[in-house]
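Report on the structure given below.
Just so we're clear, the structure is a prediction, and the values are computed from it rather than from any experiment. Hydrogens, waters and symmetry mates are skipped; everything else that's a heavy atom, side chains included, is used.
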Amino acid sequence: MGPPSPSGPAPAAETDVAETETLMIRVLHVETGRHLYGGAQQVVYLLAGLRRHPVQSALVCVPGAAIAGAVRELQLPVFERACGGDLDLAFIARLGSVIRDWRPDLIHLHSRRGADLLGGVAARLAGVPAVLSRRVDNPEARAWARLKYRLYARTIGISAGIVEVLHAAGAPPGRLRVVRSAVDAGPWQTAPARAAMAAEFGLDPSHRWIGVVAQLIERKGHRVLFEALRQLAPAATSLVLFGQGPLRPALEAEAAGLPLPVRFAGFRRDLPHWLGGLDLLVHPAFMEGLGVSLLQASAAGVPILACRAGGIPEAVLDGINGHLVAPGDAPALAEALGRLLADPAARARLAEGGRRLAREQFSTEAMVAGNLAVYRELRP
């Protein structure tokens with residue numbers, strides 16, 4: 001049996017729509033990440049969108065998490081409970097107490113850090129159906145996956161690539177759905193004044209500006225880009241790396257030997273203000289569930305050069321909003337980068353294709369509707 005269709009569950013018959021719209025669903029969301037990165041931001045988009053439907057939402061997060069403030073601004077309940085990861089078995093009891101007090105119809109688990117496995121156990125013990133959103137495409141041992149994914153009434157992959165990985169690992173195929181991540185295009189659509197961006201990041205305004213938006217970790221492929229730049233040695237070009245992570249000291253040392261200026265910008269909460277000022281976004285990741293930064297770049301009208309890995313080909317359509325090369329292939333990356341840097345007309349075509357793609361295929365409305373369809377499958 002092949003993997004399930006990316007289209008997800010069939011829509012309800014027209015005669016059922018009015019009835020389902022009048023029935024309230026209580027959904028307890030669990031997100032244990034501390035920072036408002038891509039996955040947590042998707043949860044905020046979802047909770048905001050669900051307010052327009054007959055859904056009562058609440059959030060469980062760890063104390064001090066950035067998402068707590070964003071969700072409280074939506075005037076939704078937030079329960080802060082400690083979670084130390086997959087080995088913090090006491091989290092089962094902490095989450096269980098919230099389940100007993102708030103009495104949800106469904107539990108939606110959003111992050112991996114203790115929330116997926118321990119959250120699934122807590123939901124099972126409470127007798128409440130659990131939905132898991134899976135945002136990464138790294139494989140799991142088949143024997144483990146066959147057991148783990150039976151905890152969830154549905155598992156949502158944010159790309160068809162993730163669902164294929166889950167299917168291959170032995171997750172129950174009838175419980176797998178695809179609901180792609182979204183981008184709220186509005187905040188990304190205003191490009192900064194070039195002089196202002198040059199001053200903010202110490203860039204030469206006469207240069208072409210390449211950017212990478214990713215955590216500074218091995219699987220994001222920064223070193224492959226560095227090797228491509230050594231081979232290409234592009235003139236009048238600067239590189240800006242947005243993001244933070246444990247590889248920063250090593251990457252800073254390696255960047256010192258590159259044939260172009262490199263700026264480490266760190267994690268920027270004001271990224272929507274600056275992203276549209278780039279001439280090109282490069283995403284050389286080896287593994288990626290979908291790539292929220294790719295959706296953001298498309299909304300901002302920034303052409304993309306990325307690797308054909310995980311769900312990236314669903315966010316970057318070759319020749320439409322960017323170009324794709326094989327993961328880890330520095331010569332191919334250098335060749336494609338050289339072509340795009342030399343062709344401003346091609347970059348402009350890809351930029352317009354990205355704006356259209358973000359608007360038509362990755363709207364927050366479509367993401368909310370996809371999750372809501374899954375909830376309705378499981379409504380008691």
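Under the 4.5 Å side-chain heavy-atom criterion for grouping Ile, Leu, Val, Met, Phe, Trp and Tyr, I312 is connected to V163 within one hydrophobic cluster. Two different hydrophobic clusters hold L290 and V292 under the rule that ILVMFWY side chains link at heavy-atom gaps under 4.5 Å. Under a hydrophobic clustering in which Ile, Leu, Val, Met, Phe, Trp and Tyr are joined whenever their side-chain heavy atoms come within less than 4.5 Å, directly or via other members, L251 and F242 fall into different clusters.
Residues meeting the side chain to side chain contact (heavy atoms under 4.5 Å, CB included) test with S111, sequence neighbours left out: E31, T32, A115. Under the ring pair (Phe, Tyr, Trp, His ring centres under 6.0 Å) criterion, H110 pairs with H29, H108, sequence neighbours left out. Taking the salt bridge (charged side-chain N to carboxylate O under 4.0 Å, His left out) definition, one finds that R219 meets it with nothing, sequence neighbours left out. Residues passing the salt bridge (charged side-chain N to carboxylate O under 4.0 Å, His left out) test with D101, sequence neighbours excluded: none. Considering only residues two or more places apart in sequence or on other chains, R194 meets the salt bridge (charged side-chain N to carboxylate O under 4.0 Å, His left out) condition with D279.
The environment of L87 atom CG is sparse: at most 12 non-hydrogen atoms of other residues, nucleotides or ligands sit within 6.0 angstrom.
Electrostatic pairing of D116 and R134 does not count as a salt bridge here, judged by no charged N lying under 4.0 Å from a carboxylate O. In this structure, E252 pairs ionically with R248, as a charged nitrogen and a carboxylate oxygen lie closer than 4.0 Å.
Using a 4.5 Å heavy-atom cutoff, the side chains of L337 and P234 are not in contact.
Between W209 and F201, the ring center distance fails the sub-6.0 Å criterion.
For the side-chain contact (heavy atoms from CB on, under 4.5 Å) with I210, the qualifying choice from V240, L341, L340, L278 is L341, the only one to do so.
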Stepwise side-chain hydrogen bond (donor to acceptor under 3.5 Å, both in side chains) check, E254 with H222: CA-CA 10 Å; E254 294 173 33; H222 295 84; over 6 Å; no

Which pairs of donor and acceptor atoms, one on a side chain in residues 60-79, lie under 3.5 Å apart (sequence neighbours left out)?
{"unit_1": "R72", "atom_1": "NH1", "unit_2": "E80", "atom_2": "OE2", "d": "3.3"}
{"unit_1": "R72", "atom_1": "NH2", "unit_2": "E80", "atom_2": "OE2", "d": "3.1"}

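The main-chain N or O of W102 is found under 3.5 Å from a side-chain atom of R26 such that the two form a donor-acceptor pair. The closest donor-acceptor contact from the side chain of Q42 to the backbone of A182 lies under 3.5 Å.
Looking at every heavy atom in both residues, E200 comes nearest to R268 through OE2-NH2, 2.8 Å.
Going from atom CZ of R347 over to atom CD of E352 covers 15.5 Å, rounded to the nearest 0.5 Å. Rounding to the nearest 0.5 Å gives a distance of 10.5 Å between CD of E288 and SG of C307. For the atom pair CG (L166) and CG (D137), the distance works out to 9.5 Å, reported to the nearest 0.5 Å.
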